[in-house]
Number of protein chains: 2
Amino acid sequence: MSNSLNQIKKNFTEGLSQISRFWGFPKGMGAIFAVLYLSPTALSLDEIVERTGLTKGAVSTEVRTLARMGLVHRSSKLGDRKDYYTAETDFYAAIRSILQERQNSEFDRAVRSVKETLTALEENWVENEEWNFVYERVKALQEFFDAIDSLAKAVIRLESLGLSNVTKILSVLK
Amino acid sequence: MSNSLNQIKKNFTEGLSQISRFWGFPKGMGAIFAVLYLSPTALSLDEIVERTGLTKGAVSTEVRTLARMGLVHRSSKLGDRKDYYTAETDFYAAIRSILQERQNSEFDRAVRSVKETLTALEENWVENEEWNFVYERVKALQEFFDAIDSLAKAVIRLESLGLSNVTKILSVLK
DNA sequence: TATTACGTTTAGTAAATACTAAACATATAT
DNA sequence: ATATATGTTTAGTATTTACTAAACGTAATA
């Protein structure tokens, strides 16, 4: 029965919605990506609305952030003023894109505040045990963040190298 | 002035709170970790309450999940029935612990649903173009998740090797 | 056995977030 | 110029999540 495929698609979409929520994104985002990912053709905004059950407004904004993350692509057909959307299928590229997105934003500001703590400690320096202790700890955290940062940058640089290769490399290390 | 150190600590705590929220954890968790991290001595639950401004209930539950993640450790002093808490300072160990925690939980269940989609497609197979298309896509996603999974497992295996070393290795690759 | 010192659980509240419905903006077609 | 088709923004609502206040459980002490 042909209905079976729709049922399967629905299950898949629900699964991706959950995964989306798990990573701290709205579940609607996962659903939108899922319907695009399973569609052989590019979909218009209204088609996405129809298949996800969300409203135009929600789809409009969420599809934009998906595009900014590089998980979907917006295109247009000649002589048709609708926008059309397709899913990115190169997930490694998408990961790079997401990491790059995160480089800026909230996170960077917060990490910077750790570095500021460090300089504040240096500038108002008082030689005593606790001051030393706090300084060492903050410094260690800052170095950790630096390491994370360079790891992220390294991953970004892996233009053509699939994540699976990285996995192989890591498994050789132990 | 000695007050300055408290001010610096407060800024630091606020920074970690934001970082915590950014990664999808309650900001209170970040605050709790921060005060423990900057304390030279182990702190009791009530001391944490005092320094974070949270209530006992909140600290009680959040300190427990921090402990489960391996980010703090619970200990007790002889002849004192309070529990005492300290921050984990080996962040690489903590990362491993968090990854391990996530192995189970929500995420795994969702990922499994993708695999289920795949078998559902195989079992109800209908030979046509769309069916093939959907199958290929779902399969590609499933392989991607597998890669992520083995990457996580590889990282977990890196007992003694610091993340900073991984960074170096990655930077050599490009 | 009653009291005290703790940690945990629970029931309710406040705050944050995702989403809806509808007004709006803009370009195209009539 | 008016109407139509489209995407966006906005204002409000519903849902979820973090947190509070207080009751509760439990073990140690008196």
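Only a predicted model underlies this, so the values are computations on that prediction, with no experimental measurement involved. Below, chain A is the first sequence line, B the second, and so on; all start at residue 1.
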Q) Looking at C/dG7, C/dA18, D/dC19, which one has an atom nearest to any side-chain atom of B/Ser60? A) C/dG7

Q: To the nearest Å, give me how far apart CD (A/Glu62) and P (D/dT9) are.
A: 14 Å

**Q.** Side-chain-base donor-acceptor pair under 3.5 Å for B/Arg81 and D/dA28
**A.** no

Q. What nucleotide among D/dC19, C/dG7, D/dT8 has an atom nearest to a side-chain atom of B/Leu54?
A. D/dC19

Q) Does OP1 or OP2 of D/dT9 have a side-chain N or O of A/Arg64 closer than 4.0 Å? A) yes

Q. Of B/Met29 and A/Tyr84, whose closest DNA chain D nucleotide lies nearer the 5' terminus?
A. A/Tyr84

Q. Does OP1 or OP2 of D/dA21 have a side-chain N or O of B/Thr55 closer than 4.0 Å?
A. no

(Q) So, OP1 or OP2 of C/dG7: does either fall under 4.0 Å of a side-chain N or O from B/Lys56? (A) no

Q) Distance only, no hydrogens: is a donor on one side chain within 3.5 Å (strictly under) of an acceptor on the other, for B/Asn124 and A/Ser4? A) yes

Q | Rounded interatomic separation in angstrom, taking OH from A/Tyr85 and P from D/dG7 | A | 6 Å

Q. What nucleic acid atoms does B/Gly79 come within less than 4.0 Å of, heavy atoms only: base, sugar-phosphate, or nothing?
A. nothing

Q: Assess whether atom CD of B/Glu122 is packed by more than 12 heavy atoms of other residues, nucleotides or ligands within 6.0 Å.
A: yes

Q | Interatomic distance where CZ belongs to B/Arg74 and P belongs to C/dC6 [whole Å] | A | 15 Å

Q. Quick one: do A/Glu14 and A/Lys9 make a salt bridge, cutoff under 4.0 Å?
A. no

Q | Value in whole Å for how far the P atom of D/dA18 lies from CD of B/Gln18 | A | 17 Å

Q) Looking across every strand, which nucleic acid part, if any, lies under 4.0 Å from A/Thr61 by heavy atom: base, sugar-phosphate, or nothing? A) base

Q: Would you kindly give the CG-to-P distance between B/Leu43 and C/dC6, to the nearest whole Å?
A: 15 Å

Q | Value in whole Å for how far the P atom of D/dT6 lies from CD of A/Glu50 | A | 13 Å

Q. For A/Asp83 and A/Arg21, take the nucleotide of DNA chain D holding the closest heavy atom to each; which residue's nucleotide lies nearer the 5' end?
A. A/Asp83

Q.
Would A/Asp146 and A/Gln142 count as a side-chain hydrogen bond (donor to acceptor under 3.5 Å, both in side chains) here? Give the steps.
A. CA-CA 6 Å; A/Asp146 272 356; A/Gln142 206 263 312; 3.3 Å; yes

(Q) In this structure, how many angstroms lie between the C1' atom of D/dA14 and the NZ atom of A/Lys27, rounded? (A) 11 Å

Q: Looking at every strand, decide which applies to A/Gly57 at a 4.0 Å heavy-atom threshold: base, sugar-phosphate, or nothing.
A: base

Q: Whole angstrom is fine here: how far is it from CG in B/Asp46 over to P in C/dC6?
A: 7 Å

Q: Compare all side-chain heavy atoms of B/Leu66 with those of B/Tyr85 and state whether any distance is below 4.5 angstrom.
A: no

